Amino acid sequence: MTSLWDTPAFDNHEAVHFVTDEATGLRAIIALHSTHLGPAAGGTRFWHYAEDEAALTDALRLSRGMSYKNAMAGLPLGGGKTVILANEARTKTPEMLAAFGRAVDRLGGNYVTAEDVGMSVQDMIAISRETDFVAGLPVDEAGEVGGDPGPHTALGVFLGLKAAVKRKLGKDNLDGVHIAIQGAGSVASHLARHCAEEGAKLSIADINQARVEELAAQTGATIVDPAEILTVEADVLSPCALGAILNEASIAALKVPVIAGAANNQLATPEDGQRLEARDILYAPDYVINAGGIINVSTEYLDDGGPELVQQRIAAIPGRLDQIWDESQSSGRDPAAVADAMAQRLIGRA
Ligand code: NAD
């Protein structure tokens with residue numbers, strides 16, 4: 001059997017904490033990948049896993065992802081992540097959240113948490129009663145830069161998407177540019193509105209019919225069947241729903257020259273970055289273009305500036321992408337591989 005230390009997901013994590021609290025049924029894994037640049041920051045996912053191993057792998061992969069994302073966003077933060085292993089009924093109690101808050105507190109500020117899938121702003125408020133090492137609180141509790149990360153993520157994706165359009169299509173604005181957006185949720189809605197304001201032609205798909213209809217009414221977008229959004233002939237595909245959508249089969253069927261979207265972990269495997277490159281499709285690495293939300297969370301937690309600093313850091317996203325695309329062009333390596341190498345250098349693991 002391969003030792004845990006030798007598995008690719010482990011990737012020399014600084015620490016992995018297995019937390020149990022018998023009284024409340026809490027079982028959690030807090031993975032700290034790197035504190036090289038600052039306290040390890042990354043949200044808490046509340047999820048039911050069929051196998052405990054899957055929870056560990058998820059925590060490790062997500063935690064490393066946060067190290068890379070925070071480093072590439074120029075934040076003074078390391079990377080970490082928690083998964084809380086929910087039972088099948090997904091029972092979440094105030095007592096359980098309090099026990100989790102105490103576990104975060106015991107790490108003494110080495111780890112800072114926030115929302116992820118299955119965790120709400122209300123849950124962060126509950127956790128904040130036990131520890132200060134939490135962000136993603138509502139604006140009235142967190143000061144002027146708290147609140148929903150969605151609009152900030154969307155702004156970064158919008159600016160990054162425009163940089164990709166300029167680079168690949170030579171256009172300075174989105175007037176008449178056809179953008180296919182997968183998803184009509186929090187990030188996608190804000191993104192679609194920005195793009196529509198600049199005259200883009202939109203095609204959108206979501207499995208939630210009410211949501212997609214509302215967004216189409218607001219933006220004049222054409223509604224597309226969710227099964228067809230990845231094969232729409234357009235200028236840009238913007239994945240803003242699920243991860244791992246870019247694989248050998250879906251890449252072969254793409255009819256776009258640019259991919260720029262918010263979803264985490266868009267590439268199913270590292271080889272898919274090479275496949276996009278081979279098809280001459282310009283890819284904006286996900287954790288670079290979607291960092292607007294963590295940028296806002298970071299400013300909230302570190303209290304190192306106001307909305308202007310958040311705007312300034314989000315405005316740096318297109319420049320970071322250009323740097324990646326330049327290096328990709330000169331080295332022949334695909335942008336995702338270039339971004340990983342840059343992030344590794346920043347966290348002292350070149
Ligand atoms: P959300 O839950 O608000 O929206 C996701 C939408 O995708 C939902 O409306 C859902 O119905 C839809 N969807 C699910 N499966 C689909 C399918 N097969 N086809 C089409 N639509 C489908 O989530 P969000 O906060 O907007 O995040 C979107 C993506 O961006 C996620 O991958 C998330 O991890 C990533 N992301 C979000 C943020 C943020 O600040 N919210 C930050 C970084 C990354």
Side-chain angles (χ1 to χ4, degrees), residues 41-47 58 61-63 65-66 68-70 72-73 75 79 81 83 114-121 124 135-137 145-161 179-195 202-216 218-219 221-232 237-247 250 259-268 284-300 310 313-314 317:
T44 293
R45 180 164 291 195
F46 184 87
W47 195 253
D58 217 15
R61 287 203 183 134
L62 291 164
S63 157
M66 288 311 301
Y68 289 8
K69 183 186 292 207
N70 295 340
M72 291 299 276
L75 301 174
K81 196 88 180 185
V83 299
E115 295 90 345
D116 191 59
V117 177
M119 294 291 271
S120 67
V121 174
M124 294 307 122
L137 296 166
V145 294
D148 179 11
H152 303 283
T153 303
L155 177 61
V157 173
F158 173 65
L159 298 176
L161 185 153
I179 304 169
I181 304 181
Q182 184 182 41
S186 167
V187 178
S189 325
H190 290 281
L191 173 67
R193 287 192 284 268
H194 284 305
C195 295
L202 302 176
S203 296
I204 52 173
D206 197 295
I207 50 172
N208 182 322
Q209 193 60 22
R211 217 174 264 176
V212 76
E213 279 174 11
E214 190 187 334
L215 187 57
Q218 289 170 6
T219 59
T222 303
I223 297 175
V224 176
D225 188 306
E228 283 162 19
I229 192 74
L230 296 182
T231 51
V232 167
L237 170 68
S238 186
C240 294
L242 311 166
I245 54 144
L246 300 172
N247 54 39
S250 69
I259 296 183
N264 280 313
N265 304 321
Q266 291 169 34
L267 302 176
D286 44 21
Y287 61 79
V288 180
I289 195 171
N290 74 12
I294 189 73
I295 287 172
N296 191 63
V297 162
S298 149
T299 313
E300 171 195 336
V310 173
R313 283 179 167 157
I314 292 177
I317 289 175

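Predicted, not measured: the structure shown is a model, and the values here were computed from it. The residues of the chain are indexed from 1 along the displayed sequence. When a ligand or atom number is given, it counts from 1 through the structure's own listing order.
- The shortest contact between atom 23 (O) of ligand 1 and any protein heavy atom is with S186 N, 4.5 Å.
- The protein atom (non-hydrogen) at minimum distance from atom 18 (N) of ligand 1 is L242 CD1, 3.5 Å.
- Heavy-atom minimum distance, D286 versus N264: OD2-C, 3.7 Å.
- Short contacts between ligand 1 and A205, defined as distances under 4.0 Å to a heavy atom of the residue, involve ligand atoms 20 (C), 21 (N).
- Close approach of ligand 1 to P149 (heavy-atom distance below 4.0 Å) involves ligand atoms 40 (O).
- The structure places CG of N290 at 3.5 Å from NZ of K69, a figure rounded to the nearest 0.5 Å.
- When each atom of ligand 1 is checked for a heavy atom of G150 under 4.0 Å away, the hits are 40 (O).
- At a heavy-atom cutoff of 4.0 Å, ligand 1 is contacted by the side chain of T153 but not by its backbone.
- The closest protein non-hydrogen atom to atom 4 (O) of ligand 1 is G185 CA, 3.3 Å.
- For ligand 1, the polar-atom distance check against V187 finds a nitrogen or oxygen pair separated by under 3.5 Å.
- Considering backbone and side-chain N/O atoms, N264 comes within less than 3.5 Å of an N/O atom of ligand 1.
- Between the side chain of S238 and the main chain of A260, a donor-acceptor pair closer than 3.5 Å is present.
- Within 6.0 Å of atom CZ in R193, more than 12 heavy atoms from other residues, nucleotides or ligands are found, so the atom counts as buried in its surroundings.
- Of the candidates I207, V157, I204, I207 brings a heavy atom nearest to atom 16 (C) of ligand 1.
- The main-chain N or O of D225 is never found under 3.5 Å from a side-chain atom of E228 such that the two would form a donor-acceptor pair.
- When distances from atom 2 (O) of ligand 1 to the protein are checked, no heavy atom turns up under 4.0 Å.
- E300 and L137 get closest at one heavy-atom pair: OE2-N, 3.0 Å.
- Of the possible polar contacts, none joining the Q182 side chain to the L237 backbone as a donor-acceptor pair under 3.5 Å is found.
- Here the closest heavy-atom approach between residue V187 and residue A154 is recorded as O-CB, 3.5 Å.
- Contacts with ligand 1 closer than 4.0 Å are made by heavy atoms of both the backbone and the side chain of A241.
- The nearest protein heavy atom to atom 34 (O) of ligand 1 is closer than 4.0 Å.
- Ranking protein heavy atoms by distance to atom 43 (C) of ligand 1, first place goes to N290 O, 3.7 Å.
- Nearest to atom 5 (C) of ligand 1 among the protein's heavy atoms is C240 O, 4.1 Å.
- Side-chain atoms of D58 never come within 3.5 Å of backbone atoms of V83 as a donor-acceptor pair (strictly under, hydrogens ignored).
- Using a 3.5 Å distance cut-off with no hydrogens or angles, the side chains of N247 and S250 do pair a donor with an acceptor.
- Contacts of R211 with ligand 1, taken as heavy-atom pairs under 4.0 Å, involve the side chain alone.
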